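Here's the structure, in structure tokens; my notes come after.
The structure displayed is predicted, hence computed values, not measured ones. Quick note on labels: first sequence line is chain A, next is B, and so on, each numbered from 1. Atom set for the values below is all heavy atoms of this structure, side chains included, hydrogens, waters and symmetry mates excluded.
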Amino acid sequence: MTCFTEYKDLIQEGDLTLIWISRNNIRAVVMKAGENFNTRYGSFPHNDMIGKPYGSQIAIRTKGSNKFAFIHVLQPTPELWTLSLPHRTQIVYTPDSSYIIERMNCGPNARVIEAGTGSGSFSHAFARSAQKLFTYEFHQVRYEQALEEFKDHGILGDASKYGENVTITHRDVCENGFRIKQNDTTSFEFGEDEEIEAKINANVIFLDLPAPWDAIPNLNDVIASDEKVGLCCFSPCIEQVDKTLEALEKYGWTDVEMVEVQGKQYESRRQMVRTLDDALNRLKDIKSHKLEGVERRKRLLNETINESCGIDDGSVDDKRPSTGKTKFNPFGKGFRVKEGDKEFKWKDVTKVESEIKSHTSYLTFASKIVKKDRLA
Amino acid sequence: MDPLKHIVAGQHVILKLPSNNSKIVELKPDGSISLGKFGSFNVNDILGYALGTTFEIYYNEENQETNQTNKNKNPVGQVRVIDNSKDTSANEESRATSEENDLNSMDSSLSNKNLINVGNEIQKMTMDEIEQLKKQSVSGNEIIAKMIESHGSFHQKTSHSQEKYLKRKKQKFSKRFTVNYLSSSALLSFLLEKGDIQRVMDMSEESMGMLLNLANIRSNGTYLCMDGTGGLLVYFLLERMFGGDIKTKFTGKIVVIHENEHPNLDLLKFSNYPEEFIRDHVKTISILDYFEPPTVEEIQQGFTPLSKEEVHEMKGNRRNAYFRRLKLYKGQLEMVDYATKVQYDGLVVATTLSLPSLIPRLSEHVHGSRPIVCYSQFKETLLELSHTLYDDLRFLAPSIVETRCRPYQTIRGKLHPLMTMRGGGGYLLSCNRVIPAPEPEPVQAKGSEEPIETLKKQKTE
């Protein structure tokens with residue numbers, strides 16, 4: 001499958017797609033003719049999607065009511081994939097992952113080490129940008145799940161074909177280092193010139209581990225020796241950073257800097273423009289109505305008195321008070337006004353989403369050049 | 001030697017100076033480069049080392065004299081490689097001169113209660129003496145060591161303030177520089193440092209990183225781009241797509257739409273991509289040609305390609321003229337394709353043109369499901385755009401995002417966010433281009449609006 005590696009035009013049978021229901025509800029669905037994608041609003045037949053261009057909106061009539069429901073069928077990208085993962089999993093989110101990739105200059109020449117794989121969300125982003133990704137996971141079940149997923153997504157491979165560039169290895173890198181040899185539990189395929197051991201030569205390292213300082217000493221075996229190597233440790237606690245700094249210094253890493261990345265999303269909203277003049281005029285309006293009412297009641301009282309005195313000029317019905325409603329209502333008081341209603345004046349405003357990720361992790365960057373001698 | 005890993009002749013690199021400023025230089029073979037008060041060095045002396053290597057300029061008596069003839073010129077010194085690491089696991093003789101090593105042998109005070117500020121007098125060495133030392137070309141560290149020796153109250157400073165003192169003096173006297181690869185982020189920070197904030201539209205590394213990821217920029221895409229920075233955004237795209245590899249096998253392209261008659265990709269002059277590479281991978285079209293392209297017939301009216309035999313019969317000058325026109329003709333046809341036929345894999349925009357009128361039109365040729373990402377220095381312009389896109393069914397979930405990187409003082413035991421940092425960094429609006437379903441039957445027309453809302457706002461589970 002090439003859904004992550006090539007730009008596709010049409011939705012085809014067997015494609016992994018991301019179905020967008022709402023911002024918080026994006027589902028991974030493999031297209032199979034005859035099957036349905038079910039939501040609480042009704043079923044969307046895959047047959048309606050297959051053959052249409054990616055990005056197509058699919059409409060159905062909802063069950064019961066005579067309304068329409070819509071979804072959008074998208075081609076997966078690493079960022080959309082991250083959004084589609086259940087929020088309970090620990091994920092490196094886009095503000096962090098994109099900064100790490102940019103700062104470590106992770107392009108088509110990058111040979112990346114990632115430990116651990118975790119949900120595999122960051123692996124997808126690395127795989128897109130790098131030449132080669134070696135990812136390590138020490139949890140057996142997560143390793144197997146990620147292996148399956150990378151296989152399904154068509155990104156597993158030795159990079160001889162574009163985009164098929166991920167090797168995953170079941171390993172505790174703190175205990176047993178990063179080298180990949182025959183008989184290891186790994187997706188690596190040992191070829192002719194790599195019969196015994198994989199040539200890793202990494203120049204970008206990303207450590208998302210509880211104790212990166214135990215893995216740092218093991219890096220020397222697998223990093224490129226003839227170029228500058230970049231490293232990033234991803235740790236939530238400042239105590240971890242401190243221990244990491246100690247290890248980095250001990251093992252010859254330089255240019256050490258720790259940073260934090262804060263991402264924020266804004267809602268685009270509208271606030272009604274309510275001027276002082278309008279507010280004044282509204283009060284004046286209310287007041288004048290009130291006065292009118294008082295007058296009317298006075299008149300009515302007088303009339304009743306007159307009536308009871310036997311004077312009847314026959315005009316009672318005309319003078320019956322009509323309940324005076326306020327006419328000037330510039331802000332739509334008492335009505336449900338939809339934000340942006342054309343009847344009113346609005347100002348465009350932004351609002352930060354109600355819950356923000358105020359801390360993800362500290363990012364500790366460092367670099368190292370192993371061989372400092374000169375090439376002829 | 002690989003120009004992506006090593007320092008090679010003819011390459012543009014970015015130098016980091018002791019003052020923390022940077023400088024972009026072209027490494028002309030046999031030439032020399034002056035770093036002002038930090039000294040000068042010969043280009044040939046640094047070739048072949050890994051990019052990222054730190055050097056120190058030093059002078060010895062002999063080469064000092066030979067240079068004395070040219071008084072205006074900074075004397076060219078020799079360089080040696082500096083090992084910044086404190087690698088204790090390696091046993092080679094290292095010239096590690098960390099602050100700690102420098103200070104280990106020093107007395108320091110637990111507090112600064114005995115420290116009285118008497119200004120310059122505390123330093124027993126005079127300006128002239130220091131200048132003399134510099135002339136004698138002792139290394140920066142030796143000068144600093146002498147200064148500490150003759151500093152009246154150095155031992156009364158706390159160790160923390162001693163470190164600060166050392167750092168300050170090192171920035172002043174050290175003759176070290178680091179030769180780095182000119183990445184897109186390095187170019188951005190160079191421009192920011194130099195005060196070109198307006199030109200780069202107040203961009204930050206983190207905003208650009210996020211833009212590239214959200215736009216799903218990869219080696220094999222064809223992207224539509226508007227770049228108001230004079231080439232910086234295009235350089236970010238190029239680096240992400242090709243990583244500086246001029247022999248790349250990837251066919252990705254960037255189609256740059258420009259608002260002036262001629263494109264401005266001036267900043268690419270710093271890049272290491274040769275002209276042909278840029279010609280192959282970056283296509284430029286003016287907004288006029290893009291939105292109102294000539295028809296193929298119109299182009300063909302102006303020029304008709306001749307048969308091989310006819311060309312063969314032409315004489316030298318005429319033939320050259322013919323080939324020039326043929327090239328122009330082909331370029332025009334290609335341009336028409338980019339303006340009318342190509343479906344783009346993404347749209348990235350950084351421009352000060354008003355976005356609500358621009359983006360919907362630029363998005364016409366963006367393929368379904370592909371990202372649209374706009375950068376702006378100001379949130380308000382994106383806000384306006386987001387309301388416009390909300391009302392247009394061709395755009396899925398426009399979101400305004402902001403990302404800020406907060407650097408820390410990274411010293412063990414003294415970790416805290418830096419006291420000041422650069423503000424700004426701009427905002428991004430991102431969404432996906434989608435293809436609305438055909439209009440439902442008129443009877444249901446009213447109903448069709450509501451479910452979108454309900455679906456947008458509620459979860460289905």
What's the shortest heavy-atom distance between [X] and [Y], and which atoms?
{"X": "B:I217", "Y": "A:R128", "result": "O-CD, 3.9 Å"}
{"X": "B:R412", "Y": "A:D242", "result": "NH2-OD2, 3.1 Å"}
{"X": "B:F242", "Y": "A:P108", "result": "C-CG, 3.6 Å"}
{"X": "B:A50", "Y": "A:E227", "result": "CB-CA, 4.3 Å"}
{"X": "A:P78", "Y": "B:N216", "result": "CD-OD1, 3.8 Å"}
{"X": "B:T410", "Y": "A:M258", "result": "OG1-N, 2.9 Å"}

Sort out for me which of [options] touches chain A most, counting heavy-atom pairs under 4.5 Å.
{"options": "B:E384, B:M1, B:H6", "result": "B:H6"}
{"options": "B:I400, B:L214, B:V401", "result": "B:I400"}
{"options": "B:H367, B:Q343, B:R433", "result": "B:H367"}
{"options": "B:S184, B:S399, B:P417", "result": "B:S399"}
{"options": "B:R370, B:M208, B:M210, B:K249", "result": "B:R370"}

Of the listed residues ([options]), which shares the most heavy-atom pairs with chain B below a 4.5 Å separation?
{"options": "A:E353, A:Q262, A:K228", "value": "A:Q262"}
{"options": "A:S56, A:A224, A:G55", "value": "A:G55"}
{"options": "A:S268, A:P217, A:A125, A:A110", "value": "A:S268"}
{"options": "A:T77, A:L248, A:D226", "value": "A:D226"}

Under 3.5 Å, side chain of [X] to main-chain N/O of [Y], donor-acceptor pair present?
{"X": "A:N105", "Y": "B:S183", "value": "no"}
{"X": "A:Q57", "Y": "B:P436", "value": "no"}
{"X": "B:N220", "Y": "A:T5", "value": "yes"}
{"X": "A:H72", "Y": "B:S369", "value": "no"}

Contacting moiety of [X], where chain B heavy atoms sit under 4.5 Å:
{"X": "A:L245", "value": "both"}
{"X": "A:E246", "value": "both"}
{"X": "A:D9", "value": "both"}
{"X": "A:Y266", "value": "both"}
{"X": "A:S367", "value": "neither"}
{"X": "A:V349", "value": "backbone"}
{"X": "A:Q265", "value": "both"}
{"X": "A:K243", "value": "neither"}

Side-chain contact test, heavy atoms from C-beta onward, threshold under 4.5 Å: evaluate it for [X] versus [Y] and give yes or no.
{"X": "B:R404", "Y": "A:K264", "result": "no"}
{"X": "A:L74", "Y": "B:V434", "result": "yes"}
{"X": "B:L212", "Y": "A:E102", "result": "yes"}
{"X": "B:E206", "Y": "A:P95", "result": "no"}
{"X": "B:R240", "Y": "A:I101", "result": "yes"}

Worksheet item: Do B:Y408 and A:E260 have side-chain atoms, one donor and one acceptor, less than 3.5 Å apart?
Response: yes
Worksheet item: For residues B:R218 and A:Y162, is any side-chain donor paired with an opposing acceptor at under 3.5 Å?
Response: yes
Interatomic distance, [X] atom [atom1] to [Y] atom [atom2] [nearest 0.5 angstrom]:
{"X": "A:I238", "Y": "B:H416", "atom1": "CD1", "atom2": "NE2", "value": "10.5 Å"}
{"X": "B:T222", "Y": "A:Y7", "atom1": "OG1", "atom2": "OH", "value": "8.5 Å"}
{"X": "B:D345", "Y": "A:K8", "atom1": "CG", "atom2": "NZ", "value": "13.5 Å"}
{"X": "A:S129", "Y": "B:E239", "atom1": "OG", "atom2": "CD", "value": "12.5 Å"}
{"X": "B:L4", "Y": "A:N109", "atom1": "CG", "atom2": "CG", "value": "5.0 Å"}
{"X": "B:S204", "Y": "A:Y99", "atom1": "OG", "atom2": "OH", "value": "9.0 Å"}

Worksheet item: chain A heavy atoms under 4.5 Å from B:N180: which part of the residue, side chain, backbone, both or neither?
Response: side chain
Discussion item. Quick check on B:L418 against chain A: is it the side chain, the backbone, both or neither that has a heavy atom closer than 4.5 Å?
Written reply: neither
Worksheet entry | Within 6.0 angstrom of B:K414 NZ, more than 12 heavy atoms from elsewhere | yes
Worksheet item: When you look at CD of A:E267, are more than 12 heavy atoms from neighbouring residues, nucleotides or ligands closer to it than 6.0 Å?
Response: yes
Worksheet entry | Sole candidate of B:T53, B:L47, B:V81 that passes side chain to side chain contact (heavy atoms under 4.5 Å, CB included) when paired with A:R374 | B:L47
Practice prompt. Give the C-alpha distance, both sets of side-chain angles, the deciding distance and a yes or no for side-chain contact (heavy atoms from CB on, under 4.5 Å) between B:R406 and A:V261.
Written response: CA-CA 6 Å; B:R406 186 178 208 197; A:V261 178; over 6 Å; no
Fill in: Cation-pi check, A:K372 onto B:Y49 ring (under 6.0 Å, within 45° of axis)
no
Worksheet item: Salt bridge check: are B:E205 and A:R103 linked by an N-O gap of less than 4.0 Å?
Response: no
